[in-house]
J.: 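After the structure tokens below, expect a handful of questions from me.
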Amino acid sequence: MKITIIGGGNIGGAIAGGLAASTLMKASDLTVADPSAAALERIKGLNSAIRTSQDNAAAVEGADLIILAVKPWLAEEVSATFRDKLNFDRQCLASVVAGVSFEKLKTMLDNGKDVRPALLRLIPNTAISLRESVTFIASDGASESQLNAVVTLFKELGQTVVVSEAMMAAGTSLASCGIAFALKYLGDSIKGGVELGFDETQSREIVMQTMRGALALLQANGTMPQTEIDKVTTPGGLTLKGLDAMAEGGFSEAVRAGLLKSR
Ligand SMILES: NC(=O)C1=CN([C@@H]2O[C@H](COP(=O)(O)OP(=O)(O)OC[C@H]3O[C@@H](n4cnc5c(N)ncnc54)[C@H](OP(=O)(O)O)[C@@H]3O)[C@@H](O)[C@H]2O)C=CC1
Ligand SMILES: O=C(O)[C@@H]1CCC=N1
């Protein structure tokens, strides 16, 4: 499959990194288009076989899948740079642009050819560069074989969840913004470790291993977090003091509010 990514920034670059390492395609079948020479240099640094271009219209020609990965407020303007070259009889466009609906995409990509566009929406997270993403996928007008091919490809880059468009916002919050929320907890724990007397490097290592251990317990035991929390929490003991202080600080409510707000 030949893939062109329009926008080689944070997520476009992360997808490029993941795809270039995939066993299902060759890095030389991947093109990244971006006006920024610096962004394209970073992409080449990931894998020198990836093709780069500053010309969106030329870059989409010959691609089976075009991934639109620009900021939401630029999506319309950038789509206009290549939409006349699209051929939805054989090409499929997947947008990673958060919050832009299929309806809006259809308007943005209307090239007057009167062909029903083959569209997907993808919401990965930045761990896709390491093939550890959760990627939400919704489809509108893409054929079953186009959807299956994309699901197979992104499965190699982590987990995939095929959802209706209505669930894309929830997926975005829980896993795509969610990776930042998890990192926020880690960051605050590292700072806390420094306050407790460790240097920052030590604290980072300790917090990362603690998190790896927590994940390993959930995975190995098939449990929900509270079951593992109960095993740590001695009645009247130290963990309980900490959990109570976190509850007083509004920890659970803050996590919930963040998830609901970022839909
Ligand atoms: N970051 C994330 O974790 C996730 C982001 N998304 C979505 O992905 C999209 C991109 O986000 P993100 O990667 O963070 O943003 P970035 O700004 O990092 O990347 C966007 C890239 O598009 C480039 N660009 C600007 N104009 C054009 C153009 N005319 N043609 C081609 N490329 C262009 C930008 O270049 P320049 O910097 O020079 O302007 C930049 O390199 C957003 O819509 C976001 O909602 C979805 C899931 C996760
Ligand atoms: O912050 C954002 O809007 C994008 C969408 C999901 C992750 N980053």
Side-chain angles (χ1 to χ4, degrees), residues 1-71 74-75 78-79 81-83 85-98 105 109 118-139 142-162 175-176 179:
M1 188 191 300
K2 285 195 185 334
I3 299 179
T4 292
I5 301 175
I6 304 289
N10 290 312
I11 202 68
I15 296 170
L19 289 175
S22 161
T23 60
L24 300 174
M25 70 174 292
K26 291 185 283 183
S28 56
D29 282 341
L30 179 62
T31 301
V32 178
D34 197 295
S36 154
L40 296 180
E41 210 170 300
R42 278 195 298 276
I43 299 292
K44 279 283 185 194
L46 298 172
N47 185 319
S48 60
I50 301 174
R51 294 165 193 270
T52 56
S53 171
Q54 290 176 306
D55 181 344
N56 293 342
V60 301
E61 282 191 272
D64 302 300
L65 176 70
I66 295 114
I67 299 178
L68 180 62
V70 297
K71 292 288 193 208
L74 289 178
V78 175
S79 297
T81 64
F82 63 83
R83 69 177 168 214
K85 297 284 178 195
L86 295 178
N87 179 352
F88 283 119
D89 287 331
R90 53 171 194 78
Q91 291 179 310
C92 175
L93 183 133
S95 166
V96 304
V97 182
L105 287 168
L109 294 164
L119 300 178
L120 297 170
R121 287 183 57 195
L122 304 178
I123 291 288
N125 66 32
T126 47
I128 199 161
S129 61
L130 303 174
R131 300 194 279 170
E132 288 285 358
S133 178
V134 180
T135 303
F136 294 87
I137 305 176
S139 168
S143 68
E144 210 175 311
S145 71
Q146 284 171 323
L147 172 63
N148 288 343
V150 169
V151 170
T152 303
L153 194 61
F154 280 78
K155 254 195 185 134
E156 225 208 349
L157 309 183
Q159 295 181 16
T160 55
V161 188
V162 178
S176 190
I179 198 163

J.: Does Asn56 have any side chain to side chain donor-acceptor pair (under 3.5 Å) partners at least two apart in sequence or in another chain, and if so, which?
T.: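 By the side chain to side chain donor-acceptor pair (under 3.5 Å) rule, Asn56 matches Thr81.
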J.: Name all residues meeting the salt bridge (charged side-chain N to carboxylate O under 4.0 Å, His left out) criterion together with Lys2; count only those two or more places apart in sequence or in a different chain, and write none if there are none.
T.: Asp29
J.: Write down the atom of Ala175, the atom of Phe136, and the distance for their closest heavy-atom approach.
T.: CB-CE1, 3.6 Å
J.: Taking side chain to side chain contact (heavy atoms under 4.5 Å, CB included) as the criterion, tell me which of Asp34, Ile67, Val60 meets it with Ile6.
T.: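 Testing each of Asp34, Ile67, Val60 against Ile6, the sole residue satisfying side chain to side chain contact (heavy atoms under 4.5 Å, CB included) is Val60.
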J.: Glu156: which residues meet the side chain to side chain donor-acceptor pair (under 3.5 Å) condition with it, sequence neighbours left out?
T.: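 Ser22, Thr23.
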J.: Kindly write out the residues that satisfy side chain to side chain donor-acceptor pair (under 3.5 Å) with Ser133, not counting sequence neighbours, or none if the list is empty.
T.: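 Per chain and number, Ser133 pairs via side chain to side chain donor-acceptor pair (under 3.5 Å) with Thr135.
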J.: Taking all non-hydrogen atoms of both residues into account, name the closest pair between Val32 and Ala16 and its distance.
T.: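 Val32 and Ala16 have their closest heavy atoms at CG2-CB, 3.9 Å.
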J.: Just distance, no hydrogens or angles: give the donor-acceptor pairs under 3.5 Å from side chains in residues 40-47, sequence neighbours left out.
T.:
| unit_1 | atom_1 | unit_2 | atom_2 | d |
| --- | --- | --- | --- | --- |
| Lys44 | NZ | Ser48 | O | 3.0 |
| Lys44 | NZ | Ile50 | O | 2.7 |
| Asn47 | OD1 | Ala49 | N | 2.9 |

J.: Is the shortest side-chain heavy-atom distance between Leu157 and Leu19 below 4.5 Å?
T.: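 Yes - at least one pair of side-chain heavy atoms lies under 4.5 Å apart.
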J.: Where is the tightest heavy-atom contact between Ala39 and Gly8, given as atom of each residue plus distance?
T.: CB-O, 4.0 Å
J.: Under 6.0 Å from the CZ atom of Arg51, do we count more than 12 heavy atoms belonging to anything else shown?
T.: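 No, CZ of Arg51 has 12 or fewer neighbouring heavy atoms, counting only those of other groups under 6.0 Å.
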J.: If the condition is side chain to side chain donor-acceptor pair (under 3.5 Å), which residues does Gln146 pass it with, not counting sequence neighbours?
T.: Ser143
J.: Of all heavy-atom pairs between Ser36 and Gln54, which one has the smallest distance, and what is that distance?
T.: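 Residues Ser36 and Gln54, closest heavy atoms: C-NE2, 4.2 Å.
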